[in-house]
Protein chains: 2
Amino acid sequence: MEPTNDYQKLENQICFPLYAASRLVTKCYQPLLKDFGITYPQYLVLLVLWEKDEVSLSYISERLLLQSNTLTPLVKRMEEMELLSRKRSDTDERSIIISLSDKGKQMKTEAQQVPVALASNFQFSVEEMITLKGLLDKLIRNVE
Amino acid sequence: MEPTNDYQKLENQICFPLYAASRLVTKCYQPLLKDFGITYPQYLVLLVLWEKDEVSLSYISERLLLQSNTLTPLVKRMEEMELLSRKRSDTDERSIIISLSDKGKQMKTEAQQVPVALASNFQFSVEEMITLKGLLDKLIRNVE
DNA sequence: CGCAATTAAATCGTTTACGATACAAATATA
DNA sequence: TATATTTGTATCGTAAACGATTTAATTGCG
């Protein structure tokens, strides 16, 4: 076994902290979202729909960078929970249009404190928040 | 449905880019790790073992912030691929000691270019890399 | 010592993720 | 207009993740 290359040290990895931070932050959402009976990816779907209702699955796919093989079952579970409904588009029979139910719309108001409560876990200054978000957005653009 | 709270916009979220960036970067590893027949979490286990061989499952758990319910099946798959072996500790019968196989050790040399090849996808300056890593490490410390 | 508490792995069930592929509808092109 | 291509979802199989729980080994403490 060769001597340890610096780049092969976990300590020097940038991808591992990214991966770990993402998982840890998702865990932070759990107690907050538990009251609503939803998971973090389901919450993301709601965020999209709260901005723009009655959109196609492909629209949600573009916004969240998740494919249909992930979204289809996820959204079906949300339909079973009566947070939204799925129907074929009239103009394009291939498309599925997702619409919020009353319950799904109501949850928007009830969940307003979630982002604030979550951000408090970060213990970051506004500058740090902005820097981190800027770098992550740039990373996504570069890698995508 | 209430008017959209700024913090409820996907655009203003910091957690979503974290989540998306993590998934995209993991995808970047895929073509690189495909040659070795391993996944990104499996690669992380190898990184730990390349630094320190013959460690307990709980040690890997601490390093990667992954629990036994994730690691046990993951490591078992790696044992089936003959990258490592699992045996009970002599001093503590509860512990499982993970040891690299020759194949697992050899892979260290062969995979040396992986971190370099991956970093090129980022198209980040050294400063940006350092800043991002610093913020992610701090975030992990704060949230953990 | 004897028993309660802790620790290390493993098991179970559910939900993401995603590559590969299938399939039907819509679009482009010859 | 026929056919090839593209597009939008869905299906399948596999591998993470993780909460909750179980089991066995070890430790701590009266």
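Throughout, protein chains are lettered first and strands after them, A, B, ... in sequence-line order, and every chain is numbered starting at 1.
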[X] side-chain proximity, nearest of [options]:
X: A/Lys34; options: D/dA10, D/dT26, D/dA20; value: D/dA20
X: B/Asp92; options: D/dA10, C/dT11, D/dA25; value: D/dA25
X: B/Thr70; options: C/dG19, D/dA16, D/dT9; value: D/dA16
X: B/Ser95; options: C/dG19, C/dT16, C/dA9; value: C/dA9
X: B/Glu93; options: C/dA17, D/dT26, C/dA10; value: D/dT26
X: A/Asn69; options: C/dT11, D/dA16, C/dA20; value: C/dA20
X: B/Arg94; options: D/dT9, D/dA25, D/dA16; value: D/dA25

message: Would the base of C/dA8 count as contacting B/Ser58 through its side chain, where contact means a donor and an acceptor less than 3.5 Å apart?
response: no
query: With distance as the sole criterion, do the side chain of B/Thr72 and the base of C/dA9 form a donor-acceptor contact below 3.5 Å?
result: no
task: Mind listing the closest non-hydrogen atom pair of B/Pro115 and A/Tyr7 along with its distance?
output: CG-O, 3.5 Å
- prompt: A/Tyr43 and A/Phe36: aromatic ring centres closer than 6.0 Å?
  reply: no
Under 4.0 Å, heavy atoms only, any strand: does [X] hit a base, just the sugar-phosphate, or nothing?
X: B/Thr91; answer: sugar-phosphate
X: B/Ser61; answer: nothing
X: A/Leu74; answer: sugar-phosphate
X: B/Thr39; answer: sugar-phosphate

- prompt: Would you find more than 12 non-hydrogen atoms of other residues, nucleotides or ligands less than 6.0 Å from A/Asp35 atom CG?
  reply: yes
message: Does D/dA15 have OP1 or OP2 under 4.0 Å away from a side-chain N or O of B/Gln42?
response: no
task: Would you indicate, yes or no, if D/dA17 has its OP1 or OP2 atom less than 4.0 angstrom from a side-chain nitrogen or oxygen of A/Tyr19?
output: yes
Residues A/Asp137 and A/Lys133 bridged, charged N to O under 4.0 Å: yes
- line: Of A/Pro41 and B/Arg88, the one whose nearest nucleotide on DNA chain C sits closer to the 5' end is B/Arg88
